[in-house]
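These numbers were taken from a predicted model, which means no experiment stands behind them. First listed ligand is number 1; within each ligand, the first listed atom is number 1. Computed over heavy atoms, backbone and side chain alike; hydrogens, waters and symmetry mates excluded.
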Amino acid sequence: MATPVYKRILELLEAEGINTLFGIPDPNFVHMFREAERRGWTVVAPHHEAAAGFMAEAASRITGKPALAIGTLGPGIANAAPAIQCALVENSPVIFLSGQRARVTEQRVRRGRIQFVKQTPLFENSVKYAASIEYADQTDEIIQEGVRRAMGGTPGPVYIEYPAHVILEELDLPAPLPPSRYRLVNQGADVDKVAEAAKLIREAKNPILLVGHAVHTTRMGEQVKELAKLMNCPVIQTSGGTSYIPGLEDRTFQYVFSNASIEAVTESDLCLALGTELGEPVHYGRWRYWMKNEAIRKWIYVEQDPAAIGVNRPIDVPLVGDLRGVVPQLVAALKDTPRAPAPGLEAFMRDGQAELDQLAQESLTKSDGTGDVPIHTSRFVVESTKVFPKDGILIRDGGATVIFQWTYSQCKPHDVIWNQNFGHIGTGLPYATGAMLADRAATGKSRPGMLITSDSSFMFHIAELETAVRENLPLVCVVGVDNQWGLEVGVYKRTFGQGSEETGVHWSKGVRFDKVAEGFGCHGEYVTKAEDIAPAIERAYASGKVGVVHVVIDPKANSEEMPKYPEFRTWYAEGSQ
Ligand SMILES: Cc1ncc(C[n+]2csc(CCOP(=O)(O)OP(=O)(O)O)c2C)c(N)n1
């Protein structure tokens, strides 16, 4: 049966389990959007193409599959540029599909062409693969190469152009191949290396498991839990991987922001690293807290990209493969020889939790709850995270408030959506909507979401509140409002001293996010006392609407008292690493 190109693209992506698309349609895409909706896809038009790209990125993280973002020709795809960059730095397998003028138009020597710019040169250096479907019969090979490259090695974005002249052309082809017939799927590591790794794990005195964000983007929580139980050791999260593995919450703490983790790292003689690039936020696994005992510490590294082995630090046993293949191999290899609890495990669990409890207590003393003292960001974080909904998705955005979250967060969510590496503020609302929609499309259930954000970051894509309302998402946005770009105010103060001129970092004080939100059809709350934060969040969830809780926080504390700020600075101590 003859199939038009736009439909074949959808069939090929369906073979990969994709059933959501994010983008704003135009003549290049109306056929595709209508067909997708008819096939039961979740078709979401946001209010900006960058938001579409961020939504797709969040979708890829929460489903473990590639995701699809669409930008129409010219300005549409140009608007997606920040999301393309973000997906590249965050290793997110997003397929950016764009329209283009028919090739004959593109090739003519003309001036004044509408919505026309040569697009591939704009993006080819920011993606793992850039191609154009010039002829209809190249549809399969180009889409499949796009997915192969997006998912292979270090995952990342690809750019595929789909010019006007091929959209309606017809093909007569059998059903698309299943993924395992055209690309590596869940490949495991070399079996001899797995045996070597198992031997090192059995022989170690103080092993640790270092887990990064890919544990979650590969949806491997259950299997990593089994592995951690067999290793019976502390689990250390990278700051990019602050999603918690279900069932391991009590033995998992964050590198740098938990003293118990620092102690476990320092004393370890074996590190099994999974789903992490071993980047700056873990000091490349080689300096600062790793320096002590470096001489006796062995490293096992599970990584899909062979070109990443040994780059950031020497590795004793590389396990090259997909976490989805390698973690089950390690579990099988250790199944019959589970380890006794590591010597420091009990203290690690006890001390880690005591530290969190103590921080929560300490935050109470910083704002008394009466409203006489402005709400300290530490208290803002403690009060918000203590009512984080069960099985919820946490989304983060902001500057200083995120730094406070690293230390003070009281919840241990299984999904945290945020970009540690690219550090792109403004992504919170699109991430929230994209992750929640894709999760619902994949599971049929609507999980609650909580976006904890600062005000300036919230402004970037505030129009996406409408998308959340339209899609009926159980989302509550808790906004810490200090009417300033707080982290940068802190930079001014540190650079030039207290009371110096601060330009470009303060904005008008009258903005009321609760009222803006009501205009979008949301439930709004305005909070000035610390003790009112949690009840306001609960009312927002109970309203059955998208909620926005405007919390007035202390601009001085937010810019001056970030916890462990000097630690954070060591990540990018220029030239010293
Ligand atoms: C897209 C983007 N622009 C600029 C920055 C630099 N930046 C990092 S944090 C920050 C301030 C954020 O202000 P706000 O959202 O109000 O959070 P606060 O620091 O006040 O908690 C800025 C400008 C960035 N990371 N990303």
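Taking atom 6 (C) of ligand 1 as the reference point, the nearest protein heavy-atom neighbour is E488 OE2, 3.5 Å. In terms of protein heavy atoms, atom 13 (O) of ligand 1 is closest to W485 CA, 3.5 Å. From the protein, the heavy atom lying nearest to atom 16 (O) of ligand 1 is S456 OG, 2.6 Å. In this structure, atom 4 (C) of ligand 1 lies nearest to the protein heavy atom I425 CD1, 4.0 Å.
In V402, neither the side chain nor the backbone holds a heavy atom less than 4.0 Å from any atom of ligand 1. Neither the backbone nor the side chain of T377 comes within contact range of ligand 1; no heavy atom lies under 4.0 Å.
The aromatic rings of Y492 and F496 sit tilted, their planes meeting at an angle between 30° and 60°. Using cut-offs of 30° and 60° for the angle between ring planes, the W485 and F460 rings count as perpendicular. Classified by interplanar angle (parallel below 30°, tilted 30° to 60°, perpendicular above 60°), the ring pair F422/H424 is tilted. Relative orientation of the H216 and H213 rings is tilted, given thresholds of 30° and 60° on the angle between their planes. Between Y162 and F29, the two ring planes are tilted [angle within 30° to 60°].
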Review item, side-chain donor-acceptor pairs of residues 64-80, under 3.5 Å, at least two apart:
residue, atom, partner, partner atom, Å
T72, OG1, D26, OD1, 2.9
T72, OG1, D26, OD2, 2.2
N79, ND2, E49, OE1, 3.0

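Here side chain to side chain donor-acceptor pair (under 3.5 Å) pairs that include residues 544-562, with residues two or more places apart or in two chains, are H376-E561, T377-N558, D482-N558, K493-S559, K493-E560, Q498-E560, K556-E560.
Ring centers of F404 and F380: at least 6.0 Å apart, outside the cut-off. Taking the six-membered ring for Trp and the full ring otherwise, the centers of F568 and Y572 sit less than 6.0 Å from each other.
Not one N or O of H424 is nearer than 3.5 Å to an N or O of ligand 1, by distance alone. The distance criterion of under 3.5 Å between nitrogen or oxygen atoms is met by L487 with respect to ligand 1. Of the polar atoms of D455, at least one N or O is found under 3.5 Å from an N or O of ligand 1, judged by distance alone. Among the atoms of F460, none of the N or O lies under 3.5 angstrom from an N or O of ligand 1.
Considering each of S454, G486, G423, the one bringing a non-hydrogen atom nearest atom 24 (C) of ligand 1 is G423.
The distance from ligand 1 to the heavy atoms of A400 drops below 4.0 Å at these ligand atoms: 18 (P), 19 (O), 21 (O). Ligand-side atoms of ligand 1 in range of S457: 14 (P), 15 (O), range being under 4.0 angstrom from any heavy atom.
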